[in-house]
Amino acid sequence: MFDKTGTLTKGVFDVSAVHPDVIEANELLHLTAHVERYSTHPIANSLRAAYPNEADDCRVENIEEIAGQGIRALVNGDTVCVGNEKLMEAIGADWHPCDHTGTIIHVAINGQYVGHVVISDVVKATSKRAISLLHEAGIKKTVMLTGDAKPVADAVAAELGLDMVCSELLPADKVEKVEALLSQKKDSDGMLAFVGDGINDAPVLALADVGIAMGGLGSDAAIEAADIVLMDDRPSKIPLAIRIARRTLRIARQNVVFAIGVKVLVLLLAALGVATMWMAVFADVGVTVLAVLNAMRTLKTEKRR
Ligand code: ADP
Ligand code: MG
């Protein structure tokens, strides 16, 4: 299972359109940049970057981040909400859809709808290859979970060749989806891995059998909750991690079987009175040396692809 924003996509959004309703386009960007002033969400970083003179003397107070929906804050005494349709519904603003494809960030001042900003993210260069290598490695099902809107989620899933996509999820819905899949695979011996950046998905990173976090973009909570951290944020490192893990386990098993097998054999020969001193030396020191040499092969897992 993958998170979308920041995991399969770069999490760096470009503003592709500004559609103000009653205020100036510049004022709309000014407001979004202010409300997002202290947020660490990838959307916030991008909206701040879209309005260069963000640090003016406007007062921004009472900032409240609503996970999976957006942000509410007081800007110069007015309540400004910046977020998705769910947030607009929650405050009863009269929002309207946009015909542009992309993530639509709606804005309302004191409950009145004032327009939206369309932002779009790009898929990471290695995401598609990562998914196909995972299928090749025998991963049965790849799923994407996202809080973003359905059209955006479906487009990304189709581009990457994912088996399943769940969109418009709140952080709590993500937990539910992971729990459902965890209980589904109880009867088989499958494993569930979740890959995320920890922004709104740290709980599922901890819940999955294997949690994989983005080390660069990821939050500290994600890195703390994860079992594996990808330091360069490239999803294509997941098939590599699986290859390294499988090879390491294979070599460890070979060593266990070999060491115990030789020892049992020499023990039996000794019981029958046919073991020599040199056989005993081989069963002890010889086996150790061979096992260590075999284990050293784990250092050389090919890094190709
Ligand atoms: P994902 O699951 O793709 O990583 P999130 O759960 O972090 O997405 O966010 C889901 C949606 O909530 C976003 O697509 C956006 O519409 C809205 N959202 C979340 N945080 C913010 C924010 N700081 N500003 C505006 N919108 C936000
Ligand atoms: Mg995310």
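Read the numbers this way: they start at 1 and go in the same order the structure lists the ligands and their atoms. Side chains are part of it too, since the values below use all heavy atoms of this structure and drop only hydrogens, waters and symmetry mates.
Close approach to E65 involves these atoms of ligand 1, each under 4.0 Å from a residue heavy atom: 23 (N). Each of the following atoms of ligand 1 lies closer than 4.0 Å to a heavy atom of S39: 23 (N).
A tilted orientation is assigned to the rings of Y51 and H30, their planes being inclined by 30° to 60°.
Backbone and side-chain nitrogen or oxygen atoms of V82 are examined, and none is located within less than 3.5 angstrom of a nitrogen or oxygen of ligand 1. Residue K4 places no N or O, backbone or side chain, under 3.5 Å from any N or O of ligand 1.
Considering only residues two or more places apart in sequence or on other chains, K124 meets the side chain to side chain contact (heavy atoms under 4.5 Å, CB included) condition with K10, S127, M214, D233, P235.
Contacts between T5 and ligand 1 below 4.0 angstrom, taking non-hydrogen atoms only, involve backbone and side chain alike.
Each of E64, E36, E61 was compared with R72 under the salt bridge (Lys or Arg N to Asp or Glu O under 4.0 Å) criterion, and only E64 meets it.
The side chain to side chain donor-acceptor pair (under 3.5 Å) contacts involving residues 265-290 comprise nothing, where partners must be two or more places apart or lie in separate chains.
Between H106, M144, E36, it is E36 that holds the heavy atom closest to atom 25 (C) of ligand 1.
Every heavy atom of K86 sits 4.0 Å or more from the atoms of ligand 1.
Under 4.0 Å is where a charged nitrogen must lie from a carboxylate oxygen, and between D3 and K174 at least one such pair does.
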